[in-house]
> 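Pasting a structure below so you can have a look.
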Amino acid sequence: MLEVVLRSVSVLIVFLTLPLLVGQTEHKVMAHMQGRLGPMYAGGFHGWAQLVADAAKFIQKEDIVPRAADRWVFKIAPGVALVPYLVALSVIPLSASVVGADAPASALFVLAASAVGILGLLMAGWSSANKYALLGGMRAAAQLLSYELPLVLSVASVALAAGTVSLTGIADAWSPLWLVWQLPGAFVFLIAAVAELQRPPFDMPIADSEIVMGAFTEYSGLRFAFFLLSEYAGIVVMSLLFAVLFLGGWHGPFSDSLGPLWTILKGYGIAILIIWIRVAWPRLREDQLQRLAWLVLVPLALAQLALTAGWVVLSS
């Protein structure tokens, strides 16, 4: 029981810490890439406490529920969007021994748990009694259906190469050669993950210049902050998952003692790449989004899966 409690508390601490680190990094990386200062005053040195100040601001704001909204669905939607990422993070290993719960099919578990988060956006859009929010929720559903398939296919390729759907087993079976022959799958995974998180250039469900803020339109205060936190938590989950699947997780110099650090650093590098994509690319149109998924990513992921299957058969 003590071990279960310690593991649960550790996962919760990581869940509350890493998304804030990613958020602060986004503030600074975007500021430098766009040639501006960004938040510089909160906390003193380079505005390190800006996210703390933002949290205090959100807590003080009034929590408003539209009169025509479905109140209970409206209120629980932010939690439905956030909690699945906590569940997914619990089975992502930082090393062979540092993991919240070493599930036998942890790769499938992470994909299933992270996909549940989209229900929060659907619930928010449907319950808000707002046409913009409803349109954002429907766009989010269409985007999930399109990009879940290439995401799963890219993970299936790695699992087939490793001979297991356990993230710990996949990382143990990883070799530097995977950086070459699993590269197309890594590309598909990264693009599909950004689309799943609805980050620019795939932010059509939010699109503040078109549909105000999509499913978030009627939200304020702490509930709106939960949606923002779920976005950064999703970046953490997808970045760490990418690091374990395609970059070897904890493999590196002195991995016996520094394994968790290597996993976190690799995941942090992928998070910075996701932030860079936001700054560097303009928003796609909805038809371009669907065309990219079905005409580019899905065929590429199927080709990668076929290549992996052939490699496994020939090498066995």
Side-chain angles (χ1 to χ4, degrees), residues 13-64 78 81-82 85 89 117 121 132 136 140 190-191 193-240 242-243 247 261-285:
I13 292 174
V14 171
F15 183 75
L16 295 176
T17 303
L18 292 185
L20 297 180
L21 177 61
V22 171
Q24 181 69 9
T25 301
E26 182 166 56
H27 278 157
K28 295 305 173 183
V29 169
M30 289 181 62
H32 283 291
M33 291 188 70
Q34 296 171 344
R36 56 187 176 84
L37 291 177
M40 291 291 290
Y41 297 100
F45 181 73
H46 281 270
W48 66 268
Q50 181 61 43
L51 289 181
V52 178
D54 289 340
K57 175 187 68 177
F58 282 124
I59 291 173
Q60 295 177 61
K61 285 189 173 181
E62 183 180 2
D63 181 20
I64 300 173
L82 178 61
Y85 290 118
L89 188 63
L121 293 178
Y132 292 118
L190 180 63
I191 299 303
V194 174
E196 289 269 302
L197 296 172
Q198 297 155 62
R199 298 270 303 177
F202 305 102
D203 61 334
M204 287 73 78
I206 300 171
D208 54 342
S209 60
E210 300 173 23
I211 53 175
V212 188
M213 276 295 284
F216 311 150
T217 301
E218 298 292 349
Y219 281 88
S220 61
L222 199 56
R223 297 186 198 278
F224 182 74
F226 281 167
F227 279 120
L228 296 182
L229 182 60
S230 68
E231 178 183 340
Y232 291 125
I235 294 176
V236 170
V237 168
M238 291 301 177
S239 298
L240 291 178
F242 187 99
L247 301 179
L261 179 61
W262 281 118
T263 304
I264 292 174
L265 288 178
K266 292 174 182 178
Y268 189 62
I270 298 302
I272 293 177
L273 178 58
I274 292 175
I275 295 170
W276 174 81
I277 292 174
R278 171 181 179 175
V279 179
W281 292 88
R283 181 185 303 136
L284 300 178
R285 296 195 313 264

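All values below come from the heavy atoms of this structure, side chains included, with hydrogens, waters and symmetry mates left out.
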> Flag the pair Ile274 / Leu190 as yes when at least one side-chain heavy-atom distance between them is below 4.5 Å, and no otherwise.
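They are in contact (side-chain heavy atoms under 4.5 Å apart), so the answer is yes.
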> Tell me, do Pro201 and Ile277 make a side-chain contact under 4.5 Å, heavy atoms counted?
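Counting from C-beta outward, Pro201 and Ile277 do come under 4.5 Å.
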> Can you tell me how far OH of Tyr268 sits from CG of Leu18, rounded to the nearest 0.5 angstrom?
10.0 Å
> Using a cut-off of 6.0 Å, state whether more than 12 heavy atoms not belonging to Tyr232 lie near its atom OH.
yes
> Working to the nearest 0.5 angstrom, can you tell me the gap between His27 NE2 and Leu37 CG?
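It comes to 14.0 Å.
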> Answer whether the closest heavy-atom distance between the side chains of Ile191 and Phe202 falls below 4.5 Å.
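In short, these two side chains touch, coming nearer than 4.5 Å.
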> Do Phe216 and Tyr132 have side chains that approach each other closer than 4.5 Å (heavy atoms only, starting at C-beta)?
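They are not in contact (no side-chain heavy atoms under 4.5 Å apart), so the answer is no.
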> Only counting residues at least two apart or in another chain, list the ones meeting side chain to side chain donor-acceptor pair (under 3.5 Å) with Glu231.
Arg199
> Output the distance between atom CD1 (Ile270) and atom CG (Leu265), rounded to the nearest 0.5 Å.
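Between atom CD1 of Ile270 and atom CG of Leu265 there are 12.0 Å.
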> Enter the distance from Leu240:CG to Ile264:CD1 here, rounded to the nearest 0.5 Å.
7.5 Å
> For Arg36, enumerate each residue passing the salt bridge (Lys or Arg N to Asp or Glu O under 4.0 Å) test, keeping only those at least two apart in sequence or located in another chain.
none
> First locate atom CZ of Phe58, then atom CG of Leu229, and finally report the distance between them rounded to the nearest 0.5 Å.
10.5 Å
> Can a donor-acceptor pair be found, under 3.5 Å and without considering hydrogens, that links the side chain of Thr17 to the backbone of Val14?
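No, Thr17 side chain to Val14 backbone: no donor-acceptor pair under 3.5 Å.
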> Mind listing the closest non-hydrogen atom pair of Tyr85 and Leu197 along with its distance?
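Of all heavy-atom pairs spanning Tyr85 and Leu197, the closest is OH-CD2, 3.7 Å.
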> With side chains defined as the heavy atoms from C-beta onward, is the minimum distance between Ser220 and Lys61 less than 4.5 Å?
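No, side chains not in contact.
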> Let me confirm one number: the CG-CD1 distance from Asp54 to Ile59, rounded to the nearest 0.5 Å.
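Between atom CG of Asp54 and atom CD1 of Ile59 there are 11.0 Å.
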> Using atom types as modelled and distance alone, determine if a side-chain donor or acceptor of Glu218 lies under 3.5 Å from a backbone N or O of Ile64.
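The answer is no, because no donor-acceptor pair under 3.5 Å joins these two groups.
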> Looking only at non-hydrogen atoms, find the nearest pair between Gly43 and Ala49 and report the distance.
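Smallest heavy-atom distance, with atoms named: CA-CB, 3.7 Å.
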> Side-chain contact test, heavy atoms from C-beta onward, threshold under 4.5 Å: evaluate it for Val29 versus Val279 and give yes or no.
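Val29 vs Val279: side chains apart.
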> How far apart are the closest heavy atoms of Gly267 and Ser239, and which atoms are they?
O-CB, 3.2 Å
> Of the non-hydrogen atoms in Ala215 and Leu121, which two are nearest, and what is the gap between them?
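What the structure gives for the nearest pair is CB-O, 3.6 Å.
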> Does Leu21 reach the side chain of Val236, with side-chain heavy atoms less than 4.5 Å apart?
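A side-chain contact is absent here, since even the closest heavy-atom pair is not under 4.5 Å.
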> May I ask you to test the Leu82-Phe15 pair for a side-chain heavy-atom distance under 4.5 Å?
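The answer is yes; the side chains approach within 4.5 Å.
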> Test Lys28 against every option in Met40, Gln50, Met33 by the side-chain contact (heavy atoms from CB on, under 4.5 Å) rule and name the one that passes.
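Considering Met40, Gln50, Met33, a side-chain contact (heavy atoms from CB on, under 4.5 Å) with Lys28 is found only for Met40.
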> If every non-hydrogen atom of Lys266 is compared with every non-hydrogen atom of Leu247, which pair is closest and at what distance?
NZ-O, 2.7 Å
